[in-house]
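Take a look at the structure set out below.
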Amino acid sequence: MALAATIILRRKAYYRALEAATGSNEITAWLRWFAGTAVEAQRRSRASVEFLIDKTRLLDRLRGQLNARQEQALLRVLREGPDGFAGGLSTGNYVTITKVSSATARRDLAGLVSKGALTKTGKRRYTRYHLAIPTRTVQPVVVRASGDVKSVEPA
């Protein structure tokens with residue numbers, strides 16, 4: 001599954017490599033591309049498993065310390081994956097998720113920060129909350145003609 005997802009992420013490069021390989025009977029470049037994609041998929045799988053482990057540790061540590069609203073919001077943010085909400089969780093997002101007042105949302109979010117579940121950035125209306133779980137970025141991988149594996153910055 002991770003390999004297919006990685007190929008989908010790099011769809012344009014897949015078609016370029018495949019087109020280059022079908023133009024001749026030389027498929028070495030395509031095999032190098034595919035090997036790099038397989039290594040990248042392995043790294044993505046590992047990052048996903050590490051996130052699940054971190055998520056489980058966080059929830060185990062917080063068991064019995066959260067109110068129902070905090071738990072509901074935290075589970076919602078965790079469902080978004082390692083990066084949480086794009087741009088971070090705002091007080092407005094929390095209000096929408098839990099159906100509480102802004103004042104209650106601010107108190108609940110402050111509690112999640114003090115318990116180490118979230119980190120806070122910004123001030124006032126620019127305040128955003130992010131998961132207190134480390135993010136693990138996975139760079140695209142290229143296999144060189146020599147067989148060396150190199151991580152590259154995404155294009």
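If you read the sequence from its start, that first residue is 1, and numbering goes on from there.
- Under a 3.5 Å cut-off, the side chain of Arg61 and the backbone N or O of Lys115 do form a donor-acceptor pair.
- With hydrogens and angles ignored, the 3.5 Å screen pairs a side-chain donor or acceptor of Gln72 with a backbone N or O of Ile97.
- In this structure, the side chain to side chain contact (heavy atoms under 4.5 Å, CB included) partners of Val100, at least two apart in sequence or on a different chain, are Arg69, Tyr94, Thr98, Thr104, Ala105.
- Between the CZ atom of Arg44 and the CD atom of Gln139 there is a distance of 9.0 Å, given to the nearest 0.5 Å.
- Every residue meeting the side chain to side chain contact (heavy atoms under 4.5 Å, CB included) condition with Thr121, not counting sequence neighbours, appears here in chain and number order: Arg128, His130.
- Put simply, Leu62 and Tyr129 are part of the same group of oily side chains (I, L, V, M, F, W, Y) that touch within less than 4.5 Å, one to the next.
- Taken to the nearest 0.5 Å, the NZ atom of Lys120 stands 11.5 Å off from the OG atom of Ser114.
- To the nearest 0.5 angstrom, Leu109 atom CG is 5.5 Å from Leu89 atom CG.
- The shortest non-hydrogen separation linking Leu131 to Gly81 is CD1-O, 3.7 Å.
- Judged purely by distance below 3.5 Å, without hydrogens or angles, the side chains of Ser90 and Asn93 pair a donor atom with an acceptor atom.
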Practice prompt. Starting from the C-alpha separation in whole Å, work towards a yes-or-no answer on side chain to side chain contact (heavy atoms under 4.5 Å, CB included) for Phe51 and Leu78.
Written response: CA-CA 10 Å; Phe51 171 74; Leu78 286 167; 4.1 Å; yes
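- Note that CZ of Arg43 is 11.0 Å distant from OG1 of Thr137, once rounded to the nearest 0.5 Å.
- Using a 30° and 60° split on the angle between ring planes, Trp30 and Phe34 fall in the parallel class, below 30°.
- Here the shortest heavy-atom pairing between Ala132 and Gly116 reads CB-O, 3.2 Å.
- For the residue pair Ser102 and Thr91, the shortest heavy atom distance occurs at O-CG2, 3.9 Å.
- Residue Ala47 comes nearest to Val138 through the heavy atom pair CB-CG2, 4.0 Å, listed as atom of the first residue, atom of the second, then distance.
- The backbone N or O of Leu66 sits nowhere less than 3.5 Å from a side-chain atom of Glu71 that would complete a donor-acceptor pair.
- Remark: Arg16 engages Lys12, Ala13 in a side chain to side chain contact (heavy atoms under 4.5 Å, CB included) (not counting sequence neighbours).
- Cluster membership for Leu58 and Leu75, using ILVMFWY side-chain heavy atoms within less than 4.5 angstrom, is shared.
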Worksheet entry | side chain to side chain contact (heavy atoms under 4.5 Å, CB included) between Leu59 and Leu74, worked out | CA-CA 9 Å; Leu59 293 173; Leu74 185 58; 4.1 Å; yes
Worksheet entry | Thr119 vs Val113, side chain to side chain contact (heavy atoms under 4.5 Å, CB included): CA-CA, chis, key distance, verdict | CA-CA 6 Å; Thr119 59; Val113 170; over 6 Å; no
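- Counting heavy atoms from C-beta outward, Pro134 and Asp54 have side chains that approach closer than 4.5 Å.
- Within a 6.0 Å sphere centred on CZ of Arg136, other residues, nucleotides and ligands contribute more than 12 heavy atoms.
- The environment of Arg57 atom CZ is sparse: at most 12 non-hydrogen atoms of other residues, nucleotides or ligands sit within 6.0 angstrom.
- Between Asp60 and Lys55 no salt bridge is recorded (no basic side-chain N to carboxylate O distance below 4.0 Å).
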Item to complete: Take Thr37 and Val141 through the test side chain to side chain contact (heavy atoms under 4.5 Å, CB included) and record every step on the way to the result.
Response: CA-CA 6 Å; Thr37 303; Val141 174; over 6 Å; no
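- For the atom pair CG of Asn67 and CG of Asp108, the computed distance is 4.5 Å after rounding to the nearest 0.5 Å.
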